[in-house]
Amino acid sequence: MHAYRTHTCGALRKSDVGTTVRLSGWVNRRRDHGGLIFLDLRDHYGITQCVIEPDAAAFALVDTARSEWVLTLTGKVVARSAETINKDLATGEVELRIEQAAVQGQAQELPLPVFGDHTYPEETRLTYRFLDLRRERLHKNIMLRAGIITSLRRRMIEQGFTEFQTPILTASSPEGARDFLVPSRRYPGQFYALPQAPQQFKQLIMVAGFDRYFQIAPCFRDEDGRADRSPGEFYQLDLEMSFVTQDDVFAAVAPVLAGVFEEFGGGKAVTPHDKFPRIPFAEAMLKYGTDKPDLRNPIEIVDVSEIFGRAEVEFKAFKAKTVRAIPAPGAGPQPRSFFDKLNEWARGEGAAGLGYIQFEDEGGALVGKGPIAKFITGAALTDMAKAAGVKAGDALFFSADAKPDRAANLAGMARTRIGRELNLIPDTEFKFCWIVDFPMYEWNEDDKKIDFSHNPFSMPQFDREKFLGLDPADKDTILGIKAYQYDIVCNGYELSSGAIRNHDPDVMLKAFEIAGYARDETEEKFKGMINAFRHGAPPHGGTAPGIDRIVMLLAGEENLREVTMFPMTQSAQDLLMNAPSPANAKQLKELHLRVVYPEKS
RNA sequence: GGGGGCGUAGCUCAGUUGGUUAGAGUGUCGGCCUGUCACGCCGAAGGUCGCGGGUUCGAGCCCCGUCGCUCCCGCCA
């Protein structure tokens, strides 16, 4: 007989009755009846009830066992009587009658009980991650993650993609997020950087003549975390293809994502891969107030600046401002507190408030109610109702600001909030869309200059010769240029960001020149890539869906830590392994480093 | 860097207007119990109220500072 087990704790069935078996696992739960002890033994595969009576030789030893001890138990499989069958257990028709027992590992009093589905503070969970991972929810999530990654790999390979590894120790990139630096021992004062993404490498792979690359790629960014953004590190399904248009990339990626969501989505409806709506960035900002709209939310924002601008509408607070109207279907009869609460929330977000009108039917005519309703009457009111698609029984909220961006942002947040308050967001579907036509540049008001708005390596949607002839002073034209850049959004989460790349060295130098980089500066910073583009670069493009977020959505979780095996805290500490930690004097000396601590004020 | 929430027994939490010896559940330990599957019953031990300072006759509670976890803003090409 095997030293530890003949079966797993999830294996035994009625057909095994009468055989002698050996199980190993953790004590999930112990029920001591004095003359009779039940132990639920748990392993990766399941739980089996084991039982022992006082006359058995192993009783004294089993009597000492406590929760989370690791035991090896040997004995006969017996059938349970009809009234003692546990339908909640796969092994519930049988139990193990313990004849021999061995303790493989004892457990101290637990800082974090494994049994049960209680919630525990993050600090405890992270310090004792190995215990937390034993619990059903995390164990299941981590297995789901593994299944999803396996499926993604298979789907990519089936589509003719090949997985390549790219360096982890590489050069710092001047654009984008803060880098993690690794000091060089052999080159005093010089540093490697961990890649923020394999962006330049995958483009070089295309220039090198490989086609259809992918990688389950670790990415490192020294930026603060959020519930949907791990601090420090995360994984992307990084991919790149040669000789492709934007449509080709869409056609390759959408089936992979939709397929994985159908496979692991637990029966929730998934947008068909060839029916992802394509929403231009500008339209998304107008209709949803964000570039990552949750399309499950039926609310669509409309611009009503023109109506508030009319002479007969005497509501001064909204004059000469961008005014966005957010319909709240069915909210008309809500109590005053509903509207006050939203108004208060908007103030908390730094807005002046959130004006509103309630629409009612009075003798067949549509009338407005509420604090500002008296300013909007007659044609203005009916035009507004028509534009926003509201009727009697609905309400309309207003987000107004002199700056269009701010009006749009607040409207977007209000849309989400109202959708939630009114229970308009069904939890039964995964709604995908493409956000396309991102602007290439944006105006930096602080520095009074033109910046890249997203990815500097994207190809501008602009005639090549005209682009090369652009004068950086021609601000309006430049700010109107769109890029072949696109995101995949699902249920309000940005899952993926990608682009058709700029593989033309002249256009690239010009693109950076417009953003304020001198030619020789760009040449120096992106030497490797620009040099490669001068030796025969194919048109190429790709994208990189975030794996952690995909798993999070499919697990129904709202925090990435729930789908990450060993996550860090929000402040980027690993409480289990105790990282970061100081380097010793010898290490520092070898690396030619001296630490200068910040002064305490 | 900024704002909000939380921090009390091994664990999860309660703790009134500042007032006697800081409570409950769970776990642990001891006793009883032969069919439980959140087993049950009886008893016991277990506390730097995150840390430091202040106000007060008296602080878990009020004030100031600080640390940790968390959510959000900034940041994330």
Side-chain angles (χ1 to χ4, degrees), chain A residues 28-42 47-56 59 64 66-68 78 80-89 91-92 95 97 107-128 131-132 173-179 196-197 199-200 219-234 345 348-350 409 413 438 440-442 444 446 451-458 483 485 494 497 499 511-512 515 517 525-526 546 558-559 561 568-573 575 598 600:
Chain A
N28 194 56
R29 198 75 181 163
R30 165 198 148 93
R31 291 176 296 281
D32 180 357
H33 290 240
L36 185 68
I37 298 173
F38 294 102
L39 290 184
D40 291 339
L41 203 65
R42 181 196 73 239
I47 290 178
T48 302
Q49 173 166 286
C50 306
V51 62
I52 191 164
E53 297 186 17
D55 50 354
F59 185 84
T64 62
R66 291 292 179 273
S67 286
E68 298 308 309
V78 299
R80 299 207 204 179
S81 63
E83 67 277 10
T84 60
I85 285 173
N86 186 342
K87 289 193 175 62
D88 297 330
L89 280 186
T91 60
E95 64 193 8
R97 196 148 299 237
Q108 301 174 352
E109 194 170 347
L110 297 168
L112 191 157
V114 172
F115 175 81
D117 56 359
H118 232 287
T119 55
Y120 297 95
E122 214 60 40
E123 196 173 352
T124 311
R125 295 182 61 194
L126 293 176
T127 306
Y128 299 96
L131 290 179
D132 203 14
S173 71
E175 288 288 318
R178 211 174 279 120
D179 283 316
Q196 297 179 22
Q199 174 75 29
Q200 294 192 56
C219 304
F220 306 91
R221 295 178 189 176
D222 187 5
E223 298 291 348
D224 293 342
R226 285 284 189 287
D228 64 349
R229 219 171 68 203
S230 300
E233 58 185 71
F234 60 98
W345 160 80
E349 294 293 329
N409 280 338
M413 288 189 286
F438 278 84
M440 185 83 189
Y441 299 103
E442 66 189 11
N444 181 334
D446 295 337
D451 278 348
F452 284 113
S453 88
H454 291 88
N455 187 324
F457 304 114
S458 304
Q485 170 154 359
E494 179 192 315
S497 198
F512 275 86
Y517 295 83
K525 279 179 173 166
F526 303 102
E558 291 190 343
N559 195 299
R561 282 189 300 272
M568 294 200 283
T569 66
Q570 177 166 303
S571 45
Q573 281 190 301
L575 298 180
K600 278 232 163 179

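Numbered from 1 within each chain, the chains take letters A, B, ... in sequence-line order.
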Enquirer: How would RNA chain B look in dot-bracket form, 5' to 3', counting Watson-Crick and G-U wobble pairs with both distances under 3.5 Å and writing | for bases paired to another strand?
Expert: (((((((..((((.....[...)))).(((((.......))))).....(((((..]....))))))))))))....
Enquirer: Examine B:rC75: is either OP1 or OP2 under 4.0 Å from a nitrogen or oxygen in the side chain of A:R221? Give yes or no.
Expert: no
Enquirer: Indicate whether OP1 or OP2 belonging to B:rC69 is found under 4.0 Å from a side-chain N or O atom of A:R125.
Expert: no
Enquirer: Please state whether the base of B:rG74 and the side chain of A:R178 form at least one donor-acceptor pair under 3.5 Å?
Expert: no
Enquirer: Expressed as a whole number of angstroms, how long is the span from A:E123:CD to B:rC69:C1'?
Expert: 5 Å
Enquirer: Mind checking what makes side-chain contact (heavy atoms from CB on, under 4.5 Å) contact with A:E233, not counting sequence neighbours?
Expert: A:F220
Enquirer: Using a 4.0 Å heavy-atom cut-off across all strands, classify A:D224 as base, sugar-phosphate, or nothing.
Expert: base
Enquirer: Taking OP1 and OP2 of B:rC71, is either one under 4.0 Å from a side-chain nitrogen or oxygen of A:Q570?
Expert: yes
Enquirer: How would you label the contact of A:Q199 with the nucleic acid (heavy atoms, under 4.0 Å): base, sugar-phosphate, or nothing?
Expert: base
Enquirer: Return the value, rounded to whole Å, for the distance between atom CG of A:D451 and atom C1' of B:rC76.
Expert: 15 Å
Enquirer: For the base of B:rC39 and the side-chain ring of A:H33, does the geometry meet a stacking cutoff of under 5.5 Å between centres and under 30° between planes?
Expert: yes
Enquirer: How far does the P atom of B:rU66 sit from the matching atom of B:rG2, given to the nearest Å?
Expert: 10 Å
Enquirer: From the set B:rA38, B:rU70, B:rU36, return the single nucleotide nearest to any side-chain atom of A:Q49.
Expert: B:rU36
Enquirer: With heavy atoms under 4.0 Å as the rule, sort A:R42 into base, sugar-phosphate or nothing.
Expert: nothing
Enquirer: Please state how far atom CG in A:D32 lies from atom P in B:rG30, giving the value in whole angstrom units.
Expert: 11 Å
Enquirer: Within the structure shown, what part of the strands sits under 4.0 Å from A:D222 by heavy-atom distance: base, sugar-phosphate, or nothing?
Expert: nothing
Enquirer: Among B:rC71, B:rU36, B:rC37, which nucleotide sits nearest the side chain of A:R561?
Expert: B:rC71
Enquirer: Can any side-chain N or O of A:R229 pair as donor or acceptor with the backbone N or O of A:D224 at less than 3.5 Å?
Expert: yes
Enquirer: Which listed nucleotide (B:rU70, B:rA38, B:rC75) is nearest to the side chain of A:R229?
Expert: B:rC75
Enquirer: Rounded to the nearest angstrom, tell me the gap between atom CZ in A:F38 and atom P in B:rG40.
Expert: 14 Å
Enquirer: Between A:D32 and A:R30, does any side-chain N to carboxylate O distance fall below 4.0 Å?
Expert: yes
Enquirer: For A:K87 and B:rC37, what is the distance between atoms NZ and P respectively, to the nearest whole Å?
Expert: 15 Å
Enquirer: Does the protein touch nucleotides 4-12 of chain B at the base, only the backbone, or not at all? Give it as B, S and - per nucleotide, heavy atoms under 4.0 Å.
Expert: ------BSS
Enquirer: Grab the CG-P distance between A:D88 and B:rA38 for me, whole Å please.
Expert: 8 Å
Enquirer: Determine the minimum heavy-atom distance between A:A197 and A:C219, stating which atoms define it.
Expert: CA-SG, 3.9 Å
Enquirer: What is the nucleic acid contact for A:T84, judged by heavy atoms within less than 4.0 Å: base, sugar-phosphate only, or nothing?
Expert: base
Enquirer: Using the ring of each side chain (for Trp, its six-membered ring), is A:H33 parallel, tilted or perpendicular to A:F38, with breaks at 30° and 60°?
Expert: perpendicular
Enquirer: Could you measure between the two C1' atoms, the one in B:rC69 and the one in B:rG50, and give it in whole Å?
Expert: 11 Å
Enquirer: Atom CG of A:L39 to atom C1' of B:rG35: distance rounded to whole Å?
Expert: 14 Å
Enquirer: So, does the side chain of A:R30 form a donor-acceptor pair with the base of B:rG27 at under 3.5 Å?
Expert: no
Enquirer: Salt bridge or not for A:R66 and A:E68, using N-O below 4.0 Å?
Expert: no
Enquirer: Using atom CD of A:E83 as one end and atom P of B:rG35 as the other, report the distance to the nearest whole Å.
Expert: 11 Å
Enquirer: I'd like to know if A:R80 reaches the base of B:rU36 with its side chain such that a donor and an acceptor end up less than 3.5 angstrom apart.
Expert: yes
